[in-house]
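Here's the structure, in structure tokens; my notes come after.
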Amino acid sequence: MFARLRSDIQCILDRDPAARSTWEVITCYPGLHAVWLHRPAHWCWTHGFKWLGRFTSHIARWLTGIEIHPGATIGERVFFDHAMGTVVGETAQIGDGCTIYQGVTLGGTSLYKGTKRHPTLGKDVVVSAGAKVLGGFVVGDGAKIGSNAVVIKPVPPGATAVGIPARIIPSKTGESADVTEAHPKFQAYGITQEDDPLSQAMRGLIDSAAGQEHQITLLWQAIETLSKQQKGDCVPSDAARSECFEAEKLNQLVGK
């Protein structure tokens, strides 16, 4: 038990540079208090004391601003960072090493009792501020959920989900999508060095259109040269003899 308490404290010291001492973490971190209060609430819930479990979780919500249903399962070294307004549903499962920020909802989309209505987070998942993960699906190990994303479908291990509804940035060789080092460090708020997949698609279309315009311009210029050699003019007046497609400006607009 004491080893688990120490790991709870140590994970906060490892992931939050604002944490200066063990005493500060114990006394001033509501996320830690929420986890510690959830354990007796969960024990009561699983041993048939449903009302007592709910009442304990209600007290924890009042003290910390974090609402965790006593039926939810939370692994080791889970860090609720700030986490005011976070809601964790009854059938949610949070794996070891996860980090959850403020305003997160691990919610359900079904009203049927006794079913898996809430998501399962794998190990080392980061759920950023304001994100909503809705449904009884799995978010794979090492995945990251971007701020304010609305996730309504499974997220593969190591991938990053961004947007509304969330779009998936695939992982690289089984690692998290924003990791390039051999030994990746913790990325606060699930920040990714990759871009929104829609922006990537738009830039691909812009580059393709710019390339096609360049080829068409070269063709018209070649035809014009041949026409002059033959002492004729078969090039129409509106032919694109110069490039005017503003690829660089459009790329800047989509965030290149």
Side-chain angles (χ1 to χ4, degrees), residues 1-42 57 59-69 72-88 92-106 119-133 139-149 151 155 157-162 175-194:
M1 181 183 71
F2 290 107
R4 189 171 186 182
L5 294 177
R6 284 195 295 270
S7 69
D8 292 335
I9 297 168
Q10 188 60 46
C11 80
I12 295 175
L13 293 171
D14 291 341
R15 297 181 218 169
D16 187 0
R20 290 181 291 271
S21 67
T22 298
W23 179 246
E24 180 183 6
V25 170
I26 293 173
T27 55
C28 301
Y29 274 71
L32 179 65
H33 304 154
V35 171
W36 283 355
L37 287 169
H38 171 73
R39 288 173 184 161
H42 183 69
S57 69
I59 295 298
R61 176 180 178 270
W62 180 65
L63 292 173
T64 67
I66 303 167
E67 182 173 343
I68 307 174
H69 193 283
T73 302
I74 298 179
E76 299 182 8
R77 304 182 310 282
V78 173
F79 180 23
F80 288 89
D81 193 357
H82 305 295
M84 174 65 73
T86 291
V87 178
V88 179
Q93 295 174 280
I94 302 175
D96 297 342
C98 290
T99 303
I100 298 175
Y101 289 90
Q102 63 271 19
V104 167
T105 299
L106 303 182
T120 294
L121 306 186
K123 296 180 180 179
D124 302 317
V125 173
V126 177
V127 187
S128 301
K132 316 300 177 188
V133 187
V139 177
D141 295 349
K144 292 177 173 58
I145 311 299
S147 295
N148 296 316
V151 184
V155 179
T160 299
V162 295
E175 296 179 339
S176 177
D178 62 342
V179 170
T180 55
E181 307 94 17
H183 301 286
K185 297 180 180 179
F186 173 71
Q187 298 288 333
Y189 286 94
I191 295 300
T192 174
Q193 299 302 320
E194 291 294 322

Original post:
Roughly how far, to the nearest 0.5 Å, is OG1 of T105 from NZ of K132?
Top reply: 3.5 Å
Subject >> Rounded distance [0.5 Å steps], OG1 in T160 versus NZ in K144 >> reply: 6.0 Å
Original post:
What residue among V139, V87, I68, I94 forms side chain to side chain contact (heavy atoms under 4.5 Å, CB included) with L106?
Top reply: I94
Subject >> Gap separating the CD1 atom of I12 from the OG1 atom of T99, nearest 0.5 angstrom >> reply: 10.0 Å
**OP:** Please lay out, stage by stage, how F79 and D16 fare under the test side chain to side chain contact (heavy atoms under 4.5 Å, CB included).
**Re:** CA-CA 10 Å; F79 180 23; D16 187 0; 4.0 Å; yes
Original post:
Should T86 and V127 be marked as a side chain to side chain contact (heavy atoms under 4.5 Å, CB included) after you check the CA-CA gap, both sets of side-chain angles, and the distance that decides it?
Top reply: CA-CA 11 Å; T86 291; V127 187; over 6 Å; no
Subject >> Qualifying residues under side chain to side chain contact (heavy atoms under 4.5 Å, CB included), relative to A60, sequence neighbours excluded >> reply: L37
Original post:
Say you draw a straight line from CG of L13 to OH of Y29; how long is it, rounded to the nearest 0.5 Å?
Top reply: 8.0 Å
Original post:
If you round to the nearest 0.5 Å, how far is NZ of K123 from CD of E76?
Top reply: 9.5 Å
Original post:
Within the distance-only criterion (no hydrogens, no angle test), does the side chain of D141 pair as donor or acceptor with the backbone N or O of P157 below 3.5 angstrom?
Top reply: no
Original post:
For A72 and H42, which heavy atoms make the closest approach, and how far apart are they?
Top reply: O-ND1, 3.1 Å
Subject >> R6: partners by side chain to side chain contact (heavy atoms under 4.5 Å, CB included), with sequence neighbours left out >> reply: F2, A3
Subject >> R15 to C98 - nearest heavy-atom pair and separation >> reply: NH1-O, 3.1 Å
Original post:
Would you say R39 has more than 12 foreign heavy atoms packed within less than 6.0 Å of its CZ?
Top reply: yes
Subject >> Where S57 and A41 come nearest, the two heavy atoms and their spacing >> reply: N-CB, 4.1 Å
Original post:
Of the non-hydrogen atoms in V125 and G140, which two are nearest, and what is the gap between them?
Top reply: CG2-O, 3.3 Å
Subject >> Residue pair M84 / Q102: nearest heavy atoms and the distance that separates them >> reply: O-CB, 3.6 Å
Subject >> Within 6.0 Å of CZ in R4, more than 12 heavy atoms from elsewhere >> reply: yes
Original post:
Closest approach of V162 and G146, non-hydrogen atoms and distance?
Top reply: CG1-CA, 4.4 Å
Subject >> Pairwise distance CD1(I9) to CG(L32) - rounded to 0.5 angstrom >> reply: 6.0 Å
**OP:** Tell me, with the steps shown, if H33 and L63 meet side chain to side chain contact (heavy atoms under 4.5 Å, CB included).
**Re:** CA-CA 9 Å; H33 304 154; L63 292 173; over 6 Å; no
